[in-house]
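First comes the structure, then the notes that go with it.
When a ligand or atom number is given, it counts from 1 through the structure's own listing order.
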Amino acid sequence: MTGLNASGELRVAIAGLGSIGTKIATALDQGVEGLTLSAVAVRDPAKHQAFINSLRRPPKILPIDQLGEVADIVVECAPSSQLRAIVEPAVRRGKSAVVVSVGGLLDNFDLVDLARTNGGRILVPTGALIGLDAVNAAAVGTIHSVKMVTRKPIDGLKGAPFIVQNKIDIDNLREPLKLFEGSAREAAKGFPANVNVAVALSLAGIGPDRTQIQVWADPTVTRNVHRIEVEADSARFSMGIENVPSENPKTGLITALSVIALLRKQRATLCVGT
Ligand SMILES: NC(=O)C1=CN([C@@H]2O[C@H](COP(=O)(O)OP(=O)(O)OC[C@H]3O[C@@H](n4cnc5c(N)ncnc54)[C@H](O)[C@@H]3O)[C@@H](O)[C@H]2O)C=CC1
Ligand SMILES: O=C([O-])CC(=O)C(=O)O
């Protein structure tokens with residue numbers, strides 16, 4: 001990765017200061033070895049001015065397509081509808097883009113070729129999931145199947161296109177209801193703000209068409225619960241995670257921490273985990 005600033009630090013820009021973005025900005029401002037927060041892009045600057053002013057070194061506010069001009073790594077943490085507008089200008093300049101709205105990558109997969117052509121990179125953090133290191137490793141051999149079951153509290157699913165289009169009433173549920181069963185690709189269309197995790201899992205393993213997922217609306221849980229079963233020639237493994245929701249009930253608190261961990265690895269001397 002090139003483009004260090006005068007003090008030899010990698011410059012990071014953040015697109016979207018919501019639940020995930022504000023935590024990443026705060027962590028960078030408090031200090032991550034070898035990294036500095038250079039800019040942010042927000043939809044409504046007035047809404048975020050107080051937060052930005054509260055940082056020790058307030059970053060510039062720039063339009064999303066200009067972040068790559070002042071950063072080596074652009075972190076996308078906006079709605080998936082904005083993914084292309086954020087990632088395309090960055091990778092065209094040969095910069096790295098960290099993508100959290102990874103479901104949106106499936107309809108914009110040409111960005112991977114664009115990054116390759118221009119020397120850029122697209123980095124997908126483990127996010128709200130677990131064990132993508134093991135899935136990556138198993139995929140070097142042969143993975144036979146990847147199955148995932150996601151259970152979310154009602155508030156974590158409200159407004160999902162699959163629920164709206166099929167006119168499913170989840171507000172009055174008393175028992176768990178299986179909403180969807182199918183591929184990660186189809187799940188991402190029906191639940192674009194709810195199953196990024198399934199898409200990340202699929203890209204680490206056997207792809208969005210062969211990765212199977214069930215999505216449940218579950219009034220008995222208070223966390224976003226993901227269980228995964230992987231069957232491979234090297235290993236069989238089961239993984240589970242129960243995510244504490246953030247201020248955004250669709251988003252697990254651990255997601256921002258995963259991005260911060262990924263950013264730390266960009267300059268860390270000791271890196272643990274693949
Ligand atoms: N990969 C993973 O494991 C996970 C991914 N996600 C995804 O991460 C993304 C961000 O999630 P949250 O921070 O919880 O969402 P959020 O709704 O709290 O924040 C999104 C922010 O983006 C801002 N925004 C919207 N349009 C913008 C634009 N044109 N320019 C700049 N900012 C803009 C909004 O004003 C808001 O502040 C979502 O797409 C979500 O689905 C969420 C959880 C886990
Ligand atoms: O994948 C997502 O978009 C969010 C999610 O399930 C979680 O935070 O647990």
Side-chain angles (χ1 to χ4, degrees), residues 13-26 39-48 51-52 61-67 74-87 89 97-106 108 122-132 148-153 155-161 184 187-188 190-204 211 213-218 221-228 239-262:
I14 297 174
L17 284 182
S19 163
I20 297 174
T22 47
K23 294 183 187 68
I24 300 168
T26 302
V40 294
V42 293
R43 192 172 42 182
D44 175 4
K47 184 175 151 200
H48 299 280
F51 168 74
I52 291 168
I61 303 178
L62 292 177
I64 41 179
D65 61 342
Q66 291 177 22
L67 295 178
V74 174
V75 183
E76 175 280 318
C77 30
S80 59
S81 57
Q82 301 303 311
L83 178 136
R84 190 169 193 94
I86 296 163
V87 174
V98 174
V99 168
V100 293
S101 304
V102 55
L105 206 49
L106 296 183
N108 291 284
I122 296 181
L123 309 176
V124 175
T126 301
L129 211 60
I130 185 172
L132 296 193
M148 175 166 177
V149 178
T150 287
R151 292 176 187 274
K152 293 204 170 193
D155 280 352
L157 285 162
K158 278 184 183 164
F191 302 89
N194 311 93
V195 295
N196 290 287
V197 281
V199 176
L201 175 68
S202 77
L203 296 177
T211 302
I213 174 167
Q214 293 179 9
V215 180
W216 291 71
D218 190 340
V221 298
T222 54
R223 298 186 177 203
N224 296 329
V225 180
H226 308 293
R227 306 245 178 257
I228 299 143
M239 311 183 286
I241 189 164
E242 300 182 5
N243 288 326
V244 177
S246 63
E247 316 79 81
N248 176 354
K250 300 179 175 69
T251 294
L253 267 180
I254 201 166
T255 314
L257 306 185
S258 171
V259 176
I260 295 163
L262 176 72

Please determine if [X] has a nitrogen or oxygen closer than 3.5 Å to a nitrogen or oxygen of ligand 1.
X	answer
Ala78	yes
Thr126	no
Gly21	no
Asn248	yes
Ser101	yes
Glu76	no
Ala128	yes
Thr255	no

Per-atom contacts, ligand 2 versus Asn224 - under 4.0 Å to a heavy atom: 7 (C), 8 (O), 9 (O)

I'd like to check which ligand 2 atoms, numbered from 1 as shown, lie under 4.0 Å from a non-hydrogen atom of Val197. 1 (O), 6 (O)

Any heavy atom of Asp44 under 4.0 Å from ligand 1? The part involved is neither

Considering heavy atoms of the protein only, find what lies nearest to [atom] and give residue, atom and distance to 0.1 Å.
atom	result
atom 29 (N) of ligand 1	Gln82 OE1, 3.2 Å
atom 20 (C) of ligand 1	Cys77 O, 3.7 Å
atom 42 (C) of ligand 1	Thr251 OG1, 3.3 Å
atom 6 (N) of ligand 1	Asn196 ND2, 3.5 Å
atom 7 (C) of ligand 2	Ala128 CB, 3.4 Å
atom 5 (C) of ligand 1	Val100 O, 3.1 Å
atom 19 (O) of ligand 1	Gly18 CA, 3.2 Å
atom 35 (O) of ligand 1	Arg43 NH2, 3.3 Å
atom 4 (C) of ligand 2	Lys250 O, 3.3 Å
atom 13 (O) of ligand 1	Ile20 N, 2.9 Å
atom 5 (C) of ligand 2	Lys152 NZ, 3.2 Å

When you measure from the side chain of [X] to the backbone of [Y], do you find a donor-acceptor pair of N or O atoms at a distance under 3.5 Å?
X	Y	result
Glu76	Ala78	yes
Thr26	Thr22	yes
Asn194	Lys250	no
Asp155	Pro249	no
Asn196	Gly103	yes

Heavy-atom contact under 4.0 Å between [X] and ligand 1?
X	result
Ala41	yes
Leu129	no
Pro79	yes

How long is the gap from [atom1] on [X] to [atom2] on [Y], to the nearest 0.5 Å?
X	Y	atom1	atom2	value
Ile213	Thr150	CD1	OG1	4.0 Å
Leu83	Cys77	CG	SG	11.5 Å
Arg151	His226	CZ	NE2	12.5 Å
Asn243	Thr251	CG	OG1	10.0 Å
Arg227	Met148	CZ	CE	11.0 Å
Glu242	Ile130	CD	CD1	10.5 Å

Looking only at the side chains, is there a donor atom on one of Ser202 and Thr211 sitting less than 3.5 Å from an acceptor on the other? no

Side chain, backbone, both or neither: which part of [X] has a heavy atom under 4.0 Å from ligand 2?
X	answer
Ile254	neither
Ala193	backbone
His226	side chain
Asn196	both

Are any of the N or O atoms of Gly252 closer than 3.5 Å to those of ligand 2? yes

Is there a polar contact, in the sense of an N or O pair closer than 3.5 Å, between Asn194 and ligand 2? yes

Look at ligand 2 and say whether Arg223 reaches it with a heavy atom at a distance under 4.0 Å. no

Taking the minimum heavy-atom distance to atom 18 (O) of ligand 1, which of Gly103, Pro63, Ser19 ranks first? Ser19

Assess the residue pair Ser80 and Ser101 against the criterion (side chain to side chain donor-acceptor pair (under 3.5 Å)); give the C-alpha distance rounded to whole Å, side-chain angles, the decisive distance to 0.1 Å, and a yes or no. CA-CA 5 Å; Ser80 59; Ser101 304; 5.5 Å; no

